[in-house]
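Computed from heavy atoms alone, side chains included, the values below leave out hydrogens, waters and symmetry copies. Every chain is numbered from 1, with letters handed out A, B, ... down the list of sequences.
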Amino acid sequence: MNQSLFDQIGGSKAVDAAVDVFYRKVLSDPRIADFFDGVDMDVQAAKQKSFLTMVFGGPNRYSGKDMRDGHAHLVQRGLSDVHFDAVVEHLGATLQELGVQADLIAQVAAIAESTRSDVLGR
Amino acid sequence: MTQADRPTSAGVFVRYEDQSFECNPGETVLDCLERHGVPAAASCRTGVCQTCMLRALDGAPPALAQVGLKDTWREQGLFLACKCVPTESMTIGHPEAAGLSVGATLVAKEQLGERAIRLRLRPEGSFVYRAGQFVHLVRPDGLSRPYSLASVPNVDDELEVHVGIRPNGAMSTWVRDVLGVGDRVTLRGPSGECFYATEDAAQPLLLVGIGVGLGSMLALARDALEREHRGPIHVVHAAARGADLDPSNSLRSLANHAHQITPHWIALDAQGDRRFTEGHVGPYAQRLAATLTGARAYLCGDGDQVHALKRQLFLAGIPLQAIHADAFVGAPRPQS
């Protein structure tokens, strides 16, 4: 199969299906819910869609610097590995719920993992 | 389509904040603004993150520039600058830009319950709005505040606005004590995403009006009936005290006339009135939402409560794209 990861997962339709599921998990997790407080939900959902598009291997133009700048204020509030791990956990659970195959989930997790140092400002 | 196949768009201008910028053929609005050194927020540049969202103030933007946006947002002309290639000139503004101003004369003023006043206004020019939206009332000295439009276009001749009286409210006390029938005010707008937009006439609708937000929800409900909506329409009025619930019995009369409408009244303090439920609107609305499969929700009223309710209804299972919330942020407190 020569389809890209993004196509195999289901492209932008998969992102649309995933965003509400993923966002609900994040809001319901006391470890990380606070980081999403006070941000307009529609604005937040749009950012989630960008994030999901990127980790599903989809088109995006985010650089390491964008990830760093975008999360700097959260790092100042204490964003750390524990929170990053929680998000990746919810990402995996979301894809499982949507019936995505385990090997594709592993690829998505790897992409997410590759952003850890930038997100946490290391 | 290659560059060569696109229709020539020579002479296409983007008008923004009193300036006109010529677009190159095939160029996006974002590219055009940046090329002219206009500060324009942007991030993913692939039509997903919505950072570059702007509003078309005259005419509809190209459909491609609206992909992914909620239906009521598309109808208000919101679009993504990074995806918008104009084929004809357009006037644009910020998403929160309240739109154009029009003068209006006050034709009626009456008390609505203990803490609100009903105003009927006749605009001097055309004022196009959707039932459920709100408008900024602007005093002659420029002070402005948002209020729900309780009227329904094409049904009601005049605009109707409900003003909640706040003890130290600059606008509301002026409305109560100074504004008289025959006086002129300015209206700016309309704004808001709470209006009938479903393509599924059988969809259950959950309308929650908090405090004076009820006015918008009643207008929306009446509009839905006008448009022959067939599904159940639940209208919830929530307030702090029983005395503030449904002050002019509008919800009760509407429900009496239309069997599709189920009314709900809930107050933190029902003040002994057995007609009302006592409690917090959040859990109540969540339980109600759980019984309405595939529902669309509309929320209108005080900012903090609307934000909290939006979150609660989302967690209760309503898709985010099916929740429309217009949150009124309270006026800044006076320095004292």
Side-chain angles (χ1 to χ4, degrees), chain A residues 4 6 11-30 32-73 90 94 97-98 115 118, chain B residues 28 30-31 41-53 64 66-74 76 78-83 95-96 192-194 282 286 289 294 296-297 299 303-304 306-327 329:
Chain A
S4 68
F6 190 57
S12 61
K13 282 202 158 48
V15 170
D16 289 339
V19 70
D20 274 4
V21 177
F22 175 72
Y23 193 13
R24 282 191 189 107
K25 288 185 190 300
V26 155
L27 283 180
S28 306
D29 184 339
I32 51 178
D34 284 351
F35 289 107
F36 297 90
D37 254 350
V39 182
D40 177 272
M41 289 180 70
D42 292 303
V43 169
Q44 190 63 242
K47 289 185 204 283
Q48 312 278 19
K49 278 179 73 170
S50 289
F51 164 66
L52 293 173
T53 303
M54 181 192 66
V55 293
F56 288 8
N60 81 90
R61 292 188 219 162
Y62 287 124
S63 63
K65 181 177 187 305
D66 288 329
M67 301 296 285
R68 221 165 259 275
D69 292 347
H71 292 90
H73 65 293
H90 293 308
T94 298
E97 257 179 57
L98 294 176
T115 68
D118 286 324
Chain B
T28 65
L30 181 61
D31 290 337
S43 185
C44 80
R45 296 170 187 269
T46 49
V48 180
C49 76
Q50 298 182 7
T51 304
C52 67
M53 193 162 68
L64 278 178
Q66 296 190 306
V67 170
L69 298 185
K70 210 188 262 188
D71 47 16
T72 51
W73 289 21
R74 294 198 304 269
Q76 290 177 82
L78 295 171
F79 70 95
L80 302 175
C82 71
K83 286 296 213 183
E96 294 88 49
E193 64 159 311
C194 286
Q286 282 184 310
R296 182 182 289 251
L299 321 173
D304 291 340
V306 163
H307 289 312
L309 190 54
K310 182 171 176 175
R311 182 180 172 124
Q312 287 165 312
L313 290 179
F314 175 59
L315 290 174
I318 302 187
L320 202 53
Q321 297 239 321
I323 304 176
H324 307 281
D326 286 334
V329 177

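Most heavy-atom pairs under 4.5 Å with chain B: of the set A:Met41, A:Lys47, A:Gln48, this distinction falls to A:Met41.
Side-chain contact between A:Val43 and B:Met53: absent, with no pair of heavy atoms (C-beta onward) separated by less than 4.5 Å. Using a 4.5 Å heavy-atom cutoff, the side chains of B:Glu193 and A:Asp42 are in contact.
Atom SG of residue B:Cys44 and atom CE of residue A:Met54 lie 11.5 Å apart, to the nearest 0.5 angstrom. Within the model, atoms CZ of B:Arg311 and OG of A:Ser28 stand 8.0 Å from one another, a figure rounded to the nearest 0.5 Å.
Residue B:Phe314 comes nearest to A:Arg24 through the heavy atom pair O-NE, 2.6 Å, listed as atom of the first residue, atom of the second, then distance. Shown here for A:Ala45 and B:Leu320, the closest heavy-atom pair between the two residues is CB-CD2, 3.3 Å. Of all heavy-atom pairs between B:Gly68 and A:Lys49, the closest is O-NZ, 4.3 Å.
Enclosure of atom NZ in B:Lys70 by more than 12 non-hydrogen atoms of other residues, nucleotides or ligands within 6.0 angstrom is indicated. Shown here is B:Lys310, whose NZ atom has more than 12 heavy atoms of other residues, nucleotides or ligands within 6.0 Å.
Looking at A:Asp20, the atoms closer than 4.5 Å to chain B (heavy atoms on both sides) sit in the backbone and in the side chain alike. Contacts of A:Tyr23 with chain B are made by both backbone and side-chain atoms, with heavy-atom separations under 4.5 Å. For a residue to count as touching a neighbouring chain, one of its non-hydrogen atoms must lie under 4.5 Å from one of that chain's; by this rule B:Leu69 does not touch chain A.
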